[in-house]
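Predicted, not measured: the structure shown is a model, and the values here were computed from it.
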Amino acid sequence: GDFGASLYHYCRGIDEREVIVSSKRKSLSVERTFADDILDEQDLNVKLDHLYDELMRRLKKYENRMIKNIFIKLKYFDFTQTTIETRAFVDFENFKSLFHKRFEEKREPLRLLGMGVRFFDTQIKGQLELPLETL
């Protein structure tokens with residue numbers, strides 16, 4: 001029937017319906033997979049700096065969102081991966097500290113390095129007001 005023709009197109013990736021997104025972004029991250037595994041800490045710090053710059057560029061689009069946590073993602077040469085997350089300001093030194101804390105636990109060559117933020121569910125709408133107590 002008519003729906004059969006629709007299914008024929010859908011299974012081939014043809015879909016003219018409008019995409020309506022109703023969910024909010026919960027996090028924002030950037031990551032890089034390296035052509036060669038990296039163990040050199042100085043080289044990893046440079047990569048971390050580049051990731052931070054890219055994250056800051058992408059975060060400008062979400063400046064009305066409150067950030068809950070920051071995180072670092074590491075994927076090792078053997079494809080095992082780990083993340084570490086904390087409540088901290090978005091600052092390069094905080095990301096760097098988080099990276100070194102996790103990297104010290106397992107000093108093996110990295111295949112991938114990533115960093116990101118998690119957002120609170122609410123948005124900032126103008127100046128936040130604090131309740132005032134009367135004496």
Neighbour count above 12 (heavy atom, 6.0 Å) for Asp78 CG: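 Result for CG/Asp78: enclosed.
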Over 12 non-hydrogen atoms of neighbours within 6.0 angstrom of NZ in Lys101: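 It does not: Lys101 NZ has 12 such atoms or fewer within range.
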Please report the shortest heavy-atom distance between Leu55 and Ser29, naming the atom on each side.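 Taking Leu55 first and Ser29 second, the nearest heavy atoms are CD1-CA, 4.3 Å.
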Under the ring-ring contact (aromatic ring centres under 6.0 Å, His included) definition, can you give me all pairs with a residue in residues 9-28, not counting sequence neighbours?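 Qualifying pairs, neighbours excluded: none.
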Please collect all ring-ring contact (aromatic ring centres under 6.0 Å, His included) contacts where either partner lies in residues 55-80, sequence neighbours excluded, each pair once.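 Residue pairs passing ring-ring contact (aromatic ring centres under 6.0 Å, His included), neighbours aside: Tyr62-Phe119.
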Is it the case that Thr82 and Arg102 place a side-chain donor and acceptor less than 3.5 Å from each other?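 There is such a pair (donor and acceptor under 3.5 Å, judged by atom type) between the side chains of Thr82 and Arg102.
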Give the C-alpha distance, both sets of side-chain angles, the deciding distance and a yes or no for side chain to side chain contact (heavy atoms under 4.5 Å, CB included) between Leu74 and Leu112. CA-CA 6 Å; Leu74 306 176; Leu112 175 144; over 6 Å; no
Please report the interatomic distance [atom1]([X]) to [atom2]([Y]), rounded to the nearest 0.5 Å.
X	Y	atom1	atom2	result
Ile72	Lys96	CD1	NZ	12.0 Å
Ser6	Glu16	OG	CD	11.0 Å
Asp91	Asn94	CG	CG	5.0 Å
Leu113	Phe103	CG	CZ	9.5 Å
Tyr52	Ile70	OH	CD1	9.0 Å
Gln42	Lys47	CD	NZ	12.5 Å

State whether the side chain of Arg12 and the backbone N or O of Ile14 hold a donor-acceptor pair below 3.5 Å, judged by distance alone.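 No, because the side chain of Arg12 does not come within donor-acceptor range (under 3.5 Å) of the backbone of Ile14.
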Kindly say whether Arg118 contributes a backbone atom to a donor-acceptor pair with the side chain of Lys26 at under 3.5 angstrom?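 It does not hold such a pair.
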When you check the gap from the basic side-chain N to the acidic O, do Glu63 and Lys60 get nearer than 4.0 Å?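 No, Glu63 and Lys60 are not salt-bridged.
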Is Glu104 salt-bridged to Arg107, cutoff N-O under 4.0 Å?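 Arg107 and Glu104: salt-bridged.
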Which residue in the set Arg58, Lys73, Lys75 passes salt bridge (charged side-chain N to carboxylate O under 4.0 Å, His left out) when paired with Glu31?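 Among Arg58, Lys73, Lys75, the one meeting salt bridge (charged side-chain N to carboxylate O under 4.0 Å, His left out) with Glu31 is Lys73.
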Report yes if the side chains of [X] and [Y] come closer than 4.5 Å at any heavy-atom pair, otherwise no.
X	Y	result
Thr86	Asn69	no
Asp49	Asp53	yes
Arg32	His50	no

Side chain to side chain contact (heavy atoms under 4.5 Å, CB included) between Leu44 and Leu39, intermediate numbers included: CA-CA 7 Å; Leu44 289 169; Leu39 182 59; 6.0 Å; no
Linking I/L/V/M/F/W/Y whenever any side-chain heavy atoms sit under 4.5 Å apart, do [X] and [Y] land together?
X	Y	result
Ile84	Val117	yes
Val46	Leu98	no
Leu28	Phe120	no
Val90	Val30	yes

CA sep, side-chain torsions, deciding dist, call: Leu51, Phe95, side chain to side chain contact (heavy atoms under 4.5 Å, CB included): CA-CA 10 Å; Leu51 283 174; Phe95 280 106; over 6 Å; no
Verdict with reasoning, Arg111 to Ile38, per side chain to side chain contact (heavy atoms under 4.5 Å, CB included): CA-CA 7 Å; Arg111 167 84 32 122; Ile38 301 174; over 6 Å; no
